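First the proteins, then the strands, lettered A, B, ... as listed; each starts at 1. Only a predicted model underlies this, so the values are computations on that prediction, with no experimental measurement involved.
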Number of protein chains: 2
Amino acid sequence: MGIKERKAREKEQLRQQILSAARELFVNEGYENVSMRKIASKIEYSPTTIYLYFKDKADLLDSVCQETLLNLLNTLEQLKSDISDPVERLKKSGRAYIAFGLKYPQDYKLTFVVRPQFQEGLRLQEGSIGKKVFDYLHEIVSECIRQQIFRQVDIDTTGQVMWSAVHGVTLLLIDFPDFPWTERDKLIDAVIHTTIAGLKA
Amino acid sequence: MGIKERKAREKEQLRQQILSAARELFVNEGYENVSMRKIASKIEYSPTTIYLYFKDKADLLDSVCQETLLNLLNTLEQLKSDISDPVERLKKSGRAYIAFGLKYPQDYKLTFVVRPQFQEGLRLQEGSIGKKVFDYLHEIVSECIRQQIFRQVDIDTTGQVMWSAVHGVTLLLIDFPDFPWTERDKLIDAVIHTTIAGLKA
DNA sequence: CGTTATACTTAACAGTGTTAAGTTAAATAA
DNA sequence: TTATTTAACTTAACACTGTTAAGTATAACG
């Protein structure tokens, strides 16, 4: 019964091949400028083969973004055990989140900006990776509140404020690279410091 | 010599017609889903006529966004005279900025998200309306610092932190409408309150 | 009245996402 | 082994896209 398994493995392999060809093209040329035919020719298959693995172009994008979210989640979770002080952990996580966005700016935009555009009614579903990323943040924030380091505003709001801050600065730095920003790290530090200071009692 | 003027007026009229048809379609159906032919048929001209008034589709988008920025600037500047306390003014302005984004979510996204995608190397040029919007914010912030209400970090950074916060929450609320946000106004208040508190000494 | 310039249109090119039908080769059953 | 079914992939086509070059009609000017 090894044949079926080999076949399944080969199918999965091609799926991954499509996925990574798509990511590379999306990132380098922009979602709009990448055609199914371009992806197909990169992997040396006919365009319609892709449709045997993905519903349509938006679905392909979605799968690419799921991978990105998983990478982001892993990046963040590597910091988890390190530090005991929750505020310090929140700072590190915030910086890591922003750093991730700036290291893979196109992936970040695809995930948090382009994808919502092409998937109306997109929701961070229960159990989804996106939800897990937010839950990670949520957990640290809730520890800060539990230890009465932060004001006793409700946890959800606090987490969402934090997310707004890091998301905002990340996107601005990506989208307006020619704006006369102050030194990059200084701005990032200021955003994180300001937000956390504002959340404290 | 009134003929030339009438002609110029008529030309400007058609330009405006194209512009508002484009805006309506972009906003309702999304930039990607609007074709030049669709815009043309809405104003009952041939598709190529548009190219006599705008360089290409991206240029048309850009012009639509310039209008949006002008609207935003006017909305903000109406608050200017009202209040003397700069912190109160900053709060009001922040709320007004977010409210604008949420009132015209598609226009906001077109301006601050879609446009940078289709105009690589977009910069907030000296004298541009976008620059003026930022300068408006900058001015209030600098008054807060001058009166020593805010920490003596440099003005630019402070303004950029503020922009990050309002931009971030605006986009998140637009892009993930199904996320379990806390009550909208509560979140907005929290973002503004947190950021300003964090900027204070 | 003839000429020139302006405003607009027609036709076409090379490309798009996607579907339906067709083909080939491998796995299964007789 | 041979026939049949299934899986994987391709070809051809449809209705569309942004954009350009060439053509046309009308209004203004000398």
Side-chain angles (χ1 to χ4, degrees), chain A residues 1-19 21-26 28-65 110 114-115 117-120, chain B residues 1-19 21-26 28-65 110 114-115 117-120:
Chain A
M1 254 305 163
I3 290 171
K4 265 195 178 161
E5 289 161 17
R6 177 181 53 89
K7 285 247 165 184
R9 219 165 41 234
E10 282 174 1
K11 256 200 97 126
E12 184 52 32
Q13 231 164 49
L14 181 49
R15 210 191 106 97
Q16 276 302 325
Q17 232 182 103
I18 296 171
L19 223 52
R23 146 159 286 120
E24 198 179 317
L25 288 169
F26 286 165
N28 289 330
E29 317 197 5
Y31 180 71
E32 293 318 304
N33 304 316
V34 174
S35 66
M36 298 301 260
R37 287 168 175 81
K38 228 182 243 176
I39 299 169
S41 102
K42 191 176 177 72
I43 57 169
E44 298 181 287
Y45 279 80
S46 89
T48 49
T49 298
I50 300 173
Y51 289 89
L52 302 170
Y53 294 80
F54 300 93
K55 188 178 158 291
D56 53 23
K57 200 183 169 191
D59 182 36
L60 191 47
L61 170 64
D62 193 63
S63 300
V64 167
C65 293
L110 282 175
V114 177
R115 188 183 52 142
Q117 205 132 60
F118 286 86
Q119 300 220 340
E120 265 178 275
Chain B
M1 255 302 166
I3 289 171
K4 265 195 178 161
E5 289 162 16
R6 176 180 55 90
K7 285 246 166 186
R9 218 163 44 233
E10 281 173 1
K11 257 200 99 122
E12 184 52 32
Q13 231 163 47
L14 181 49
R15 210 191 108 96
Q16 276 303 325
Q17 232 183 104
I18 296 171
L19 223 53
R23 147 160 283 122
E24 197 180 317
L25 288 169
F26 287 164
N28 289 330
E29 317 197 5
Y31 180 71
E32 293 317 304
N33 304 316
V34 173
S35 67
M36 299 301 260
R37 287 168 176 81
K38 227 182 243 176
I39 300 169
S41 102
K42 193 176 175 71
I43 57 168
E44 298 180 289
Y45 279 80
S46 91
T48 49
T49 299
I50 300 174
Y51 289 88
L52 302 171
Y53 293 81
F54 300 93
K55 185 179 160 291
D56 53 23
K57 200 184 169 190
D59 182 38
L60 190 47
L61 170 64
D62 193 64
S63 300
V64 167
C65 292
L110 283 175
V114 177
R115 188 184 51 143
Q117 205 133 62
F118 287 86
Q119 301 220 336
E120 266 178 274

Problem set entry | Rounded distance (Å) that lies between atom C1' of C:dT9 and atom CD1 of B:Ile50 | 13 Å
Problem set entry | Counterpart residues, salt bridge (Lys or Arg N to Asp or Glu O under 4.0 Å), relative to A:Lys55 (two or more places apart) | none
For this session: Please check the phosphate of D:dT11 (OP1 and OP2 only) for any side-chain N or O of A:Ser46 closer than 4.0 Å.
Result: no
For this session: Indicate the atoms forming the closest heavy-atom contact of B:Leu61 with B:Arg115, along with that distance.
Result: CD2-CA, 3.9 Å
Exercise. Between C:dT16 atom C1' and B:Asn33 atom CG, what is the distance in whole Å?
Worked result: 13 Å
Problem set entry | Whole angstrom value for the distance that separates P of C:dC8 from CZ of B:Arg15 | 14 Å
Problem set entry | Contact under 4.0 Å: A:Tyr45 side-chain N or O vs D:dA8 OP1/OP2 | no
Exercise. Hey, does A:Leu19 have a side-chain heavy atom less than 4.5 Å from the side chain of A:Phe54?
Worked result: yes
For this session: Could you check how far NZ of B:Lys57 sits from C1' of D:dT20, rounded to whole Å?
Result: 17 Å
For this session: Check every atom of C:dT19, D:dT10, D:dG18 against the side chain of A:Thr49 and return the nucleotide holding the closest atom.
Result: D:dT10
Problem set entry | Whole-Å distance separating the CG atom of B:Leu61 from the P atom of D:dT19 | 12 Å
For this session: Examine C:dA7: is either OP1 or OP2 under 4.0 Å from a nitrogen or oxygen in the side chain of B:Lys11? Give yes or no.
Result: yes
Seminar exercise, completed: note: B:Asp56, atom CG; D:dT20, atom P; distance rounded to Å ~ 8 Å
Exercise. Any side-chain N or O of A:Thr48 under 4.0 Å from OP1/OP2 of D:dT10?
Worked result: no
For this session: Mind checking the CG-CD1 spacing from A:Leu60 to A:Ile39? Nearest 0.5 Å is all I need.
Result: 5.0 Å
Seminar exercise, completed: Whole-Å distance, A:Met36 CE to D:dT17 C1', equals 16 Å
For this session: May I ask you to verify whether the side chain of A:Arg37 and the base of C:dG15 hold a donor-acceptor pair under 3.5 Å?
Result: no
Seminar exercise, completed: Rounded to whole Å, the OH-P distance (B:Tyr31 to D:dT17) equals 14 Å
Exercise. OH/A:Tyr31 to SG/A:Cys65 distance, rounded to the nearest 0.5 angstrom?
Worked result: 9.0 Å
Exercise. A:Leu14 near the nucleic acid: base, sugar-phosphate alone, or nothing, with a heavy-atom cut-off under 4.0 Å?
Worked result: sugar-phosphate
For this session: Please determine if a side-chain N or O atom of B:Tyr53 lies less than 4.0 Å away from the OP1 or OP2 oxygen of C:dC8.
Result: yes
